[in-house]
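Let me begin by presenting the structure, written as structure tokens, before commenting on it.
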Amino acid sequence: MERAYYIHVDSANRESGSISDFNFATTQNRYVASSARVALESIQIPYAVHNVTSANNTLVFICSVNNSPVSYNVSLETGLQTINEIVSDIRTKINAATAGQGAAAEVTVSFLSGKQKIAIKAAGPNVLYELFVNSSTCRELIGLTANLTFNTSFVELQNMVNVRPFDYVYLVSPNVQSSSFASNIGGNGIIAKIPLSVGSRYSSYYEVNDNILENLMDCSYIPFSWNFRLVDRLGQTINQIQDYSFTLRIIPDF
């Protein structure tokens, strides 16, 4: 068996794609084995992840006071937000938008930590709200899965929220042919589960784990070309705003 070699991957030097989901290639022609065992040797990830972005921060709703409906479209703050910050932002943005309809239009927004859901209600007896779901809304972020109508009684959004700060991320590649974790995270092959240090600028990770070497990657490409992405625990691609790099340890499998 040929001895291990190393590949340094940097998203800044990607062949195509984005920081969050990219293809990486090299012109070296040594990757002649049909498959190889692979491990993450080291990785450096800037702590610069946004869970609220311009793609998921829109809140569309109607507020009706005394049977006079008005449509609104507001944008939540983007960045790495906790659920409590998002709840506060929803309350602030809705109340600011509907202030012209009177104090009765105010809403109260709460996070039910035991259920991981958001609950919402209006203040006035003659007020009716309807939140809408479409392709540009924050439905997955806040747990809204269908149009929701509410007034003076607390109504829970239909699904659990998906906004907790990241404690782990997963480096995955569709080129991984087998992985004990692959079926759990988005159907893609996991190379490694990576702990992040919340609040720090960088999370530097180093580990050699022989169990990870059970993963097989397709090395038949000449030149070498693989797809890589970082995903959360639900298998959703994480929105990176700075490039990151990592080193893979490759052992050809004959």
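Heavy-atom basis, side chains included; hydrogens, waters and symmetry copies ignored. Bear in mind that the values here come from a model prediction, so they are computed numbers and not experimental data.
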Can you give me the closest heavy-atom contact between [X] and [Y], atom names plus distance?
X    : Y    : answer
S11  : I19  : OG-CG2, 4.1 Å
L157 : G143 : CB-O, 3.7 Å
Q81  : T78  : NE2-O, 3.2 Å
I86  : I142 : CG2-CG2, 4.1 Å
A123 : T152 : O-CG2, 3.9 Å

Decide yes or no for [X] and [Y]: does some side-chain heavy atom of the first lie under 4.5 Å from some side-chain heavy atom of the second?
X    : Y    : answer
Q158 : L144 : yes
V161 : Q116 : yes
V52  : D89  : no
Y6   : R249 : yes
L171 : L230 : yes
Y129 : I120 : no

side-chain contact (heavy atoms from CB on, under 4.5 Å) assessment of N151 paired with V127: CA-CA 6 Å; N151 50 26; V127 177; 5.8 Å; no

Name every donor-acceptor pair, under 3.5 Å, that has one atom in a side chain of residues 62-70 and the other anywhere in the protein, sequence neighbours excluded.
residue: S64; atom: OG; partner: S68; partner atom: N; Å: 3.4
residue: N66; atom: OD1; partner: N126; partner atom: ND2; Å: 3.3

side-chain contact (heavy atoms from CB on, under 4.5 Å) between L248 and W226, worked out: CA-CA 12 Å; L248 298 177; W226 287 339; 3.9 Å; yes

In Å, rounded to the nearest 0.5 Å, how long is the span from [atom1] of [X] to [atom2] of [Y]?
X    : Y    : atom1 : atom2 : result
E41  : I7   : CD    : CD1   : 12.0 Å
H8   : F24  : NE2   : CZ    : 7.5 Å
L59  : L141 : CG    : CG    : 10.0 Å
I194 : Q44  : CD1   : CD    : 12.0 Å
S110 : I90  : OG    : CD1   : 11.0 Å
F228 : Y244 : CZ    : OH    : 8.5 Å

Could you go step by step and tell me if N95 and E106 meet the side-chain contact (heavy atoms from CB on, under 4.5 Å) rule? CA-CA 5 Å; N95 289 337; E106 289 186 358; 3.8 Å; yes

Checking the side chain of K121 only, and the main-chain atoms of F150 only, is there a donor and an acceptor separated by less than 3.5 Å?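 No; judged by distance alone, with no hydrogens or angles, the pair does not exist.
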
Quick check against the 3.5 Å criterion: does Q101 have a side-chain atom that pairs as donor or acceptor with the backbone of T98?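 Between the backbone of T98 and the side chain of Q101 there is no qualifying donor-acceptor contact (under 3.5 Å).
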
Single-linkage hydrophobic cluster, 4.5 Å side-chain cutoff, L128 and F61 together: no

Among D243, D21, N227, find the residue that satisfies the side chain to side chain donor-acceptor pair (under 3.5 Å) test when tested with R14.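 It is D243; the other options fail the test.
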
